[in-house]
Visitor: 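So that we are looking at the same thing, I have put the structure below in structure tokens.
Order of listing sets the numbers, starting from 1, for every ligand and every atom in it. Throughout, numbering of the chain's residues begins at 1 and tracks the sequence. Computation of the quantities below employed the complete heavy-atom set of this structure, encompassing side-chain atoms and omitting hydrogens, waters and symmetry-equivalent molecules.
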Amino acid sequence: MQNIRVRAHAKINLYLDVVGKRQDGYHNLETIFHSIDLHDDVIIRKQDTKEITVHCTHPAVPSDARNLAYRAAQCLNDAVGGIGGIAIDLHKRIPVAAGLAGGSADAAAVLHGVNALFGLGFTRETLMHFGAQLGADVPFCLHGGAAFGQGIGDQLTPLPALPDLPLLLLNPGIEISTAAVFKKLNFSLTKPKKKDIIIRTYIEKGDVLGIGKNLYNLLEMPVFSQYPEIAALKTELSTQAGCYGALMSGSGATLFAVMHDTEAAHRSESHFKNKVRFCTTTVTSPVGVYIND
Ligand code: ATP
């Protein structure tokens, strides 16, 4: 086998609370991740030179060592003391810097794909361990489905994946830096006591209405105060027919709505199509990375 095509699925956060600041400057989170069907395609080829190369036509995505996909290949190359040349083609569909973990998904796909293509034999747990060194969301992207995340989001407890839950995603085209959002977070304004994760029970029961009504993301507070237009968009999304609840994913700016059915999602998609930069109907996915035949 000379090449492999891997689907790199985006994620959303159905719940996100910040529970403390760490000495290393990062924050401890409690979050519920879910993979979604929206994905990048990552094509990995063996090449004769010893180089790692990344090709990506998206203007906001670097093709050099700053690319997380490159760093994932480099990480495996270093771990085994040299694999050989690797060429990576990224076909981006996941909006960039949008709270959907696009870069982390690509890195996870490269770890999974290179491991398979070169027959390295690393377990998923070992790949997740490598992934944690690349970015906080990479372990979840390898894990896929649904999980409760703690620490910086890298300590995962599996949750039952929600099958084919219809979702509408909206991105207003505002690129938000995760670091800047955390900097703006005012701990004195946040609740000192840990919020009970009621939504987790609803996920375990597969109660979609309960999930929709209990979506929560603390990071909405600093983002909405800086960008009131995103808050207004969320209100408009929440009041669409068939919407069980809406939330900002991660550090934004993507908003998602849990919808009653795909038809309702498509109707709302038509409503928003010309108002936002990116709008799509998707569903939850049981996997984070997947090798296509
Ligand atoms: P984060 O929470 O890390 O900001 P995100 O999901 O909001 O993640 P990404 O799409 O991963 O956002 O992009 C964040 C930054 O990472 C971008 O500014 C981009 O230049 C850089 N980046 C590096 N590699 C990639 C990649 N393979 N795909 C997308 N962005 C990448």
Visitor: Is there a protein heavy atom at a distance of less than 4.0 Å from atom 20 (O) of ligand 1?
Guide: yes
Visitor: Can you list the ligand 1 atoms lying under 4.0 Å from a non-hydrogen atom of Gly102?
Guide: 6 (O), 10 (O), 11 (O)
Visitor: Between Ala97, Pro59, Ala10, which one has a non-hydrogen atom sitting closest to atom 12 (O) of ligand 1?
Guide: Ala97
Visitor: Closer than 4.0 angstrom: is that true for some heavy atom of Lys92 and an atom of ligand 1?
Guide: yes
Visitor: Measuring to protein heavy atoms, does anything land under 4.0 Å from atom 23 (C) of ligand 1?
Guide: yes
Visitor: Applying salt bridge (Lys or Arg N to Asp or Glu O under 4.0 Å) as the test, list every pair that has at least one member in residues 58-75; sequence neighbours left out.
Guide: Asp64-Arg66
Visitor: With Glu175, which residues qualify under salt bridge (Lys or Arg N to Asp or Glu O under 4.0 Å), at least two apart?
Guide: none
Visitor: Could you list which atoms of ligand 1 come closer than 4.0 Å to a heavy atom of Asp106?
Guide: 26 (C), 27 (N), 28 (N)
Visitor: Assigning hydrophobic clusters by single linkage (Ile, Leu, Val, Met, Phe, Trp, Tyr; side-chain heavy-atom cutoff under 4.5 Å), is Phe278 placed with Val223?
Guide: yes
Visitor: To which of Val61, Asp40, Val42, Asp64 does the heavy atom nearest atom 31 (C) of ligand 1 belong?
Guide: Val61
Visitor: Tell me whether ligand 1 is touched by Ala101 - counting only heavy atoms on the residue side and a distance under 4.0 Å.
Guide: yes
Visitor: So does Asp48 have more than 12 non-hydrogen atoms from other groups sitting under 6.0 Å from CG?
Guide: no
Visitor: Considering the heavy atoms of Ala60, write down every atom of ligand 1 situated less than 4.0 Å from one of them.
Guide: 19 (C), 20 (O)
Visitor: Pick from Thr53, Ile86, Ile88: which one makes a side chain to side chain contact (heavy atoms under 4.5 Å, CB included) with Gln47?
Guide: Thr53
Visitor: Suppose I only count heavy atoms of Gly99 and a 4.0 Å limit; which atoms of ligand 1 are within that range?
Guide: 5 (P), 6 (O), 7 (O)
